[in-house]
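Single-structure report; data block below.
We count residues from 1, following the sequence as given.
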Amino acid sequence: MHVKVLDEGVVERAKARGLDAIAYAPHFTRLPDVRERARRFSDEDLLVVPGREVFTGSWRNRKHVLALGLEEPVPDFISLGDAMAEFDRQDAAVLVPHPEFLTVGLDAGDLAAYRDRIDAVEAYNPKHWRHHDRRARGLAREYDLPAYTSSYAHLRRTIGEAWVEFDRRVDSARALVDALRDGVERRVVHRTGLGHRLRCAAEFAHLGWENSWKKIDRLFLSGTEPTHPDHIVYDGRFEGVY
C-alpha cells in the first residue's frame with residue numbers, strides 16, 4: 001500500500017512478488033513530482049498510485065497522515081486539523097500509518113477526533129516491533145476502522161514483504177481510493193520467517209539514519225523544503241506550524 005522508493009529495481013521486485021499495484025508516497029516531495037514518477041513507472045503489469053504522507057505539525061510535534069487520491073498539493077508542517085480538512089475537501093482516502101509509533105503516529109485521541117474521516121488504520125508495518133502491531137490492531141478494533149498494511153519500504157528489498165488483497169478489482173488510482181473509502185473487504189497479509197524478520201530489522205535500523213544525519217540535513221543544511229507551506233507554489237493558502 002505504501003512505499004518510499006521507486007525505480008526499475010522496485011518495479012522488478014514488485015512484479016516478482018506478484019503485486020498488482022503499489023502506492024508511492026515519498027516524504028517532502030511535491031504531488032506533481034510524485035505523480036510524474038508514478039506515471040513513469042506504471043505499466044500494464046504494475047499500477048503505481050501516487051500519494052502523499054503529509055508531515056503535520058512541527059518537527060517537535062509531528063504526526064504523519066497518508067492521503068491517496070489528492071487532486072491538489074497539500075504541504076507539510078500544517079496542523080493535523082488543516083490537513084484533514086483539505087483531504088476532506090478533495091475527497092481523498094485518508095490512512096493512518098504506524099499509529100502511536102515513536103513520535104510520528106496519530107494516537108487514540110486523534111483517531112477519536114477524526115474517526116469519521118479516517119478510512120483505514122495500518123495494522124502491520126515492517127518497521128514495527130510486535131507490540132506496536134498489537135497496539136495498532138487494537139486501535140483499529142476499538143474505533144471500528146478497517147485495517148491495512150504496507151511494506152513501508154524505504155529499502156528496495158522490503159518491497160512485497162506485506163500487502164493488501166482486496167475483494168474488488170483495483171486497476172486505477174481511483175479504484176483504489178474508492179475501495180478504501182467504501183471499506184471493501186480485504187486481507188492483510190505479510191511474509192513470515194527469518195528472511196522477513198531480517199528485512200524488517202533492516203527497515204527499523206534505517207530509522208537511525210532518517211532521524212540523525214538526514215534530519216540534521218533537512219533542519220540545517222537543505223533550506224526550505226519544497227513541501228513547506230511558505231513555498232511559493234502554495235500561494236499563501238496554508239498557515240504553517242513552526
Could you check whether any side-chain N or O of Gln90 sits under 3.5 Å from a backbone N or O of Glu72, counting only pairs where one atom can act as donor and the other as acceptor? yes
Pick one: which of His228, His27, Arg52 meets side-chain hydrogen bond (donor to acceptor under 3.5 Å, both in side chains) with Asp76? Arg52
What orientation do Phe28 and Phe55 show, parallel under 30°, tilted 30 to 60°, or perpendicular over 60°? tilted
Tell me if a side-chain donor or acceptor on Asp235 pairs with a main-chain N or O of Arg237 at a distance below 3.5 Å. no
Determine yes or no for a side-chain-to-main-chain donor-acceptor pair under 3.5 angstrom, with Thr149 supplying the side chain and Tyr124 the backbone. yes
Would you confirm whether Asp133, through its side chain, and Arg130, through its main-chain N or O, come within 3.5 Å as a donor-acceptor pair? no
Working to the nearest 0.5 Å, report the span between OG of Ser79 and CE of Met84. 10.5 Å
Aromatic ring proximity His64/His98, centre distance under 6.0 Å: yes
Under the criterion salt bridge (charged side-chain N to carboxylate O under 4.0 Å, His left out), which of Lys127, Arg156, Arg199 is the partner of Glu161? Arg199
Is it true that a side-chain atom of Thr56 and a backbone atom of Lys63 form a donor plus acceptor pair closer than 3.5 Å? yes
State whether the side chain of Asp119 and the backbone N or O of Val94 hold a donor-acceptor pair below 3.5 Å, judged by distance alone. yes
Under 3.5 Å, side chain of Arg37 to main-chain N/O of Leu6, donor-acceptor pair present? yes
When you measure from the side chain of His196 to the backbone N and O of Gly193, does any donor-acceptor pair fall under 3.5 Å? no
Can you tell me how far the OH atom of Tyr114 sits from the CG atom of Asp88, to the nearest 0.5 Å? 11.5 Å
Starting at CG of Leu102, measure out to CZ of Arg62 and round the result to the nearest 0.5 Å. 8.5 Å
Any heavy-atom pair between the side chains of Asn125 and Phe101 that's under 4.5 Å? no
Residues Asp171 and Arg169 bridged, charged N to O under 4.0 Å: yes
Keeping Arg186 on the side-chain end and Ala147 on the backbone end, is there a donor-acceptor pair under 3.5 Å? yes
Tell me whether Arg168 is salt-bridged to Asp182, with the criterion being a basic N under 4.0 Å from an acidic carboxylate O. yes
Test your reading of the model: is there a side-chain donor-acceptor pair from Ser151 to the backbone of Gly160, 3.5 Å cut-off? no
